[in-house]
Protein chains: 2
Amino acid sequence: MLVQETPRLIGAIAKESHIPVKTIRYYEELGLLQSTRRTEGGFRLFPPDTISRLSFIKRAQSLGLSLSEIKEFLDIYDRGNLPCDHVKVKLNNKIAEIDQQLQQLQILKQELIGLLSGSTTVSKTSPQLICPIIQHTIKA
Amino acid sequence: MLVQETPRLIGAIAKESHIPVKTIRYYEELGLLQSTRRTEGGFRLFPPDTISRLSFIKRAQSLGLSLSEIKEFLDIYDRGNLPCDHVKVKLNNKIAEIDQQLQQLQILKQELIGLLSGSTTVSKTSPQLICPIIQHTIKA
DNA sequence: CTAAACGCTCTAGTTAACTAGAGAAGCTAG
DNA sequence: CTAGCTTCTCTAGTTAACTAGAGCGTTTAG
């Protein structure tokens, strides 16, 4: 039973993913997408998982990962088998980094909430520990 | 009672913040740092809260905010009073964005954990919903 | 069968965020 | 008072991640 999902042209991918054609070509050039196959005329044919690859790329990117970092992860995925120890270490590091980032985001959120309620006016006697930019009430 | 905290030269700031002198000047040029004062000779003098401003900048930046977004927040901070409604809306939007990002980070973390345990080898009958890049077990 | 839409390559431009170097002037320890 | 470090401005270069345009070939709807 062959699951014959039709490979698609770049335009279709662009439309569904809301990512410009040029960007998709650029990603392919960097090796983030595999479009080994081409039509006779030379048009790129993308495999069906391209959309999910793109959404992974965009998510990872919005979280501050560089395209080359993202490529490393996609390469691991593409290899398909368990990563070797070296790569495992890298993955674990990245996961730890993400935990860090989760904490930082919480802090930033508190800081912005602080700005919302105008806590710059808080007195010197109750320093806002969660809010490093608001440590000194300068204009007092 | 005047809290006379001495303003500092750029080199001192650079050393304490671990941010290069050139970068600090660049930030000042963009209006992220206020160094209104200068020595007679023209050397920049930075107020004492500069270090905490820099650490705010770096945190926000590592979370994907652009320097111009960061400037907006610092400007709100500098105005010192409660933000106007327009700005409140912006802040609330950013906070919502951060909540989004917190979720995305959780997803990414799960995806990386998935890669670690090599879940590409999981059968087609149990699709990994949390792991969009691992929806198709292509090499099967 | 042909026009419009789509896709290709190649070259080059853009933006954000730095980063480097030159040349001159300010500050400071001995 | 001067050697040597710090800082200044100005100009220009770099990297990542696109983005635009020219000029030309491919596909497909009527």
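Here the structure is a predicted model, which is why all the values come from computation and not from measurement. First the proteins, then the strands, lettered A, B, ... as listed; each starts at 1.
Applying the side chain to side chain donor-acceptor pair (under 3.5 Å) test to pairs two or more places apart or on separate chains, those with a residue in residues 95-107 of chain A are A:Lys94-A:Glu97, A:Asp99-B:Lys109. Applying the salt bridge (Lys or Arg N to Asp or Glu O under 4.0 Å) rule to pairs touching residues 83-92 of chain A yields A:Glu72-A:Lys90, sequence neighbours excluded.
To the nearest angstrom, P of C:dG7 lies 10 Å from CD1 of A:Ile13. A straight line from CD1 of A:Ile24 to C1' of C:dC8 spans 15 Å, rounded to a whole angstrom. Protein atom CZ of A:Arg8 is 12 Å distant from nucleotide atom P of C:dG7, rounded to whole Å.
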task: If a protein heavy atom is under 4.0 Å from the base, mark B; if only from the sugar-phosphate, S; if neither, -; do that for nucleotides 8-19 of chain D going 5' to 3'.
output: SB-------BBS
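Within the structure, every side-chain polar atom (N or O) of A:Thr39 is placed at least 4.0 Å from both OP1 and OP2 of D:dT26.
One end of the helix from C:dC1-D:dG30 to C:dG30-D:dC1 points its axis 10° away from the other end's axis, with each axis taken from 5 pairs and the angle rounded to 10°.
At least one side-chain heavy atom of A:Arg53 sits less than 4.5 Å from a side-chain heavy atom of A:Tyr77. Residues B:Leu108 and A:Phe56 meet the side-chain proximity criterion, which asks for heavy atoms closer than 4.5 Å.
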- request: Assess whether side-chain contact (heavy atoms from CB on, under 4.5 Å) is satisfied between B:Leu65 and B:Ile57, documenting all intermediate values.
  value: CA-CA 9 Å; B:Leu65 283 85; B:Ile57 293 169; over 6 Å; no
Could I get a table of every N or O pair under 3.5 Å where one atom is in the protein and the other is in nucleotides 28-30 of chain D?
none

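The main-chain N or O of B:Leu45 is never found under 3.5 Å from a side-chain atom of B:Arg38 such that the two would form a donor-acceptor pair.
What you find for B:Ile107 and A:Arg59 is that their closest heavy atoms are CG2-NE, 3.7 Å. Across B:Gln61 and B:Tyr27, no two heavy atoms sit closer than the pair OE1-OH, 3.5 Å.
At a threshold of 4.0 Å, the pair B:Asp78-B:Lys71 does not count as salt-bridged, since none of the basic side-chain nitrogens sits closer than that to a carboxylate oxygen.
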Just list the side-chain donor-acceptor pairs under 3.5 Å for residues 8-17 of chain A, sequence neighbours left out, or say none.
| unit_1 | atom_1 | unit_2 | atom_2 | d |
| --- | --- | --- | --- | --- |
| A:Arg8 | NH1 | A:Glu16 | OE1 | 2.9 |
| A:Arg8 | NH2 | A:Glu16 | OE1 | 3.4 |
| A:Ser17 | OG | A:Ile13 | O | 2.7 |
| A:Ser17 | OG | A:Ile19 | N | 3.3 |

